[in-house]
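Single-structure report; data block below.
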Amino acid sequence: MTTLPIDLDRATLVAFYGAKPASLDRTVRALQDAASSVLGTRFRPRAVDDVHATLMGLDQPAENGVAPHLAQAVRHLLDVLRSERVVLQFGGFSPGERTITSRGRSLHDRTLGVVARQIVLIGWPVREAPLGRAPSMRLADLRYEFERYGFRHKYHAPGMGPDPDAYMVLGEVDDADGVDAHAIAAITRGGGLQDAILVDLTPDSVFLVEYHETSLARASSRWWTLDSADAAMRDGPTPSRRCSAAP
């Protein structure tokens, strides 16, 4: 039997870690270049290979008392991505689009901003609709599904609403309070976020990562494709929350 030692307190499921779809790779680089041009040395871009979209942190236990079962959670995610198309859209949302909102704001206004001294790009799932693409809650629903396997999304604590946001931290910024709406607008234009960037979540684009730095710097992290993680954990015991037992 193959095992996969992992510390759930430092584990997460992410997308687009390392190599990225060409359109997203270009957008990340263009936004980082634009931020450096607008903000100068106040902006410290992350290595492009380290930039990722967080899907599901594994460090928060579910409130339902279910013991964590990483193998089943990974298998469920694989089944979802093999059976349905899940598309994320970055940029290209109109100011009047309010099919869903993010923290009470339009997706247009939330696509790029400063969060906790970081420049953050946010995308959302979209689905085909009679009048074109429409934002959906599929990522929030998927995060709720992980509670069946003992994991709770960080922003799905009791009393919080559903969170369909896909965060990508582009880099850190000094004097974050000085980054005003004009600066964000200039970075948005420079990065080409007027247009929609559409990327598919696929089994090959999602990774299980065990990290030592919250930035998920690849130099100090370990990662597995979903297929390799599934194979390693098949028929293994469930890990406890703070040990490196085999899942």
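Listed for the Ser221 side chain is a donor-acceptor partner under 3.5 Å among the backbone atoms of Ala217. Without hydrogens or angle criteria, Asn64 side chain to Val66 main chain gives a donor-acceptor distance under 3.5 Å. Judged by distance alone, with hydrogens and angles left aside, the side-chain atoms of Arg10 form a donor-acceptor pair with the main-chain N or O of His212 at under 3.5 Å. Checked by atom type and distance alone, the side chain of Asp163 pairs as donor or acceptor with a backbone atom of Asp165 at under 3.5 Å.
Contact annotation: the side chain of Leu107 never approaches that of Thr101 to less than 4.5 Å [non-hydrogen atoms, C-beta and beyond]. Leu226 places a side-chain heavy atom less than 4.5 Å from the side chain of Leu13. With a 4.5 Å cut-off on side-chain heavy atoms, Ile122 and Thr111 do not count as touching. The closest side-chain heavy-atom distance from His76 to Leu142 is below 4.5 Å. Phe16 places a side-chain heavy atom less than 4.5 Å from the side chain of Leu88. With a 4.5 Å cut-off on side-chain heavy atoms, Pro203 and Thr225 do not count as touching. For the pair Arg218 and Tyr17, the minimum side-chain heavy-atom distance is below 4.5 Å. You'll find the side chain of Thr12 stays beyond 4.5 Å of the side chain of His52, heavy atoms only.
Under the side chain to side chain contact (heavy atoms under 4.5 Å, CB included) criterion, Gln72 pairs with His69, Tyr149, not counting sequence neighbours. Every salt bridge (charged side-chain N to carboxylate O under 4.0 Å, His left out) that Asp174 has, sequence neighbours left out, goes to Arg44. For Val48, the side chain to side chain contact (heavy atoms under 4.5 Å, CB included) partners two or more places apart in sequence, or in a different chain, are Lys20, Asp25, Val28, Arg29, Gln32.
Here CG of Leu24 is found 11.0 Å from CG of Leu198. Values are rounded to the nearest 0.5 Å. Atom CZ of Arg110 and atom CZ of Arg103 lie 5.0 Å apart (nearest 0.5 Å). One distance of note links CZ of Arg82 with CZ of Arg75; it measures 10.0 Å at 0.5 Å rounding.
Nearest heavy atoms, Pro164 versus Ser136: CB-O, 4.1 Å. When all heavy atoms of Ala73 and Phe151 are compared, the pair lying nearest together is CB-CE1, 4.0 Å. Arg143 approaches Leu55 most closely through the heavy-atom pair NE-O, 2.7 Å. Heavy-atom minimum distance, Ser220 versus Glu213: OG-OE2, 2.6 Å. Minimum interatomic distance between Val120 and Val115 (heavy atoms only, all atoms of both residues): CG2-CB, 4.0 Å. In plain terms, the two heavy atoms of Ala229 and Val74 that are nearest each other are CB-CG1, 4.5 Å.
Phe146 and His153 have their aromatic ring centers separated by at least 6.0 angstrom.
Using cut-offs of 30° and 60° for the angle between ring planes, the Tyr155 and Tyr167 rings count as parallel.
Around atom CZ of Arg148, more than 12 heavy atoms belonging to other residues, nucleotides or ligands sit under 6.0 Å away.
Residue Ile100 is not grouped with residue Leu201 when hydrophobic side chains (ILVMFWY) are merged at heavy-atom distances under 4.5 angstrom, including chains of intermediate members. Val80 and Phe207 are members of different hydrophobic clusters when ILVMFWY side chains are connected at heavy-atom separations under 4.5 Å. Linking ILVMFWY residues whenever their side-chain heavy atoms come closer than 4.5 Å, directly or via other members, leaves Trp223 and Leu208 in distinct clusters.
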When you look at Arg138 and Arg127, which way does the side chain to side chain contact (heavy atoms under 4.5 Å, CB included) test go after all the steps?
CA-CA 9 Å; Arg138 186 63 185 101; Arg127 56 178 174 79; over 6 Å; no
Yes or no on salt bridge (Lys or Arg N to Asp or Glu O under 4.0 Å) for Asp7 and Arg222, after CA distance, side-chain angles and deciding distance?
CA-CA 11 Å; Asp7 180 358; Arg222 299 190 302 156; over 6 Å; no
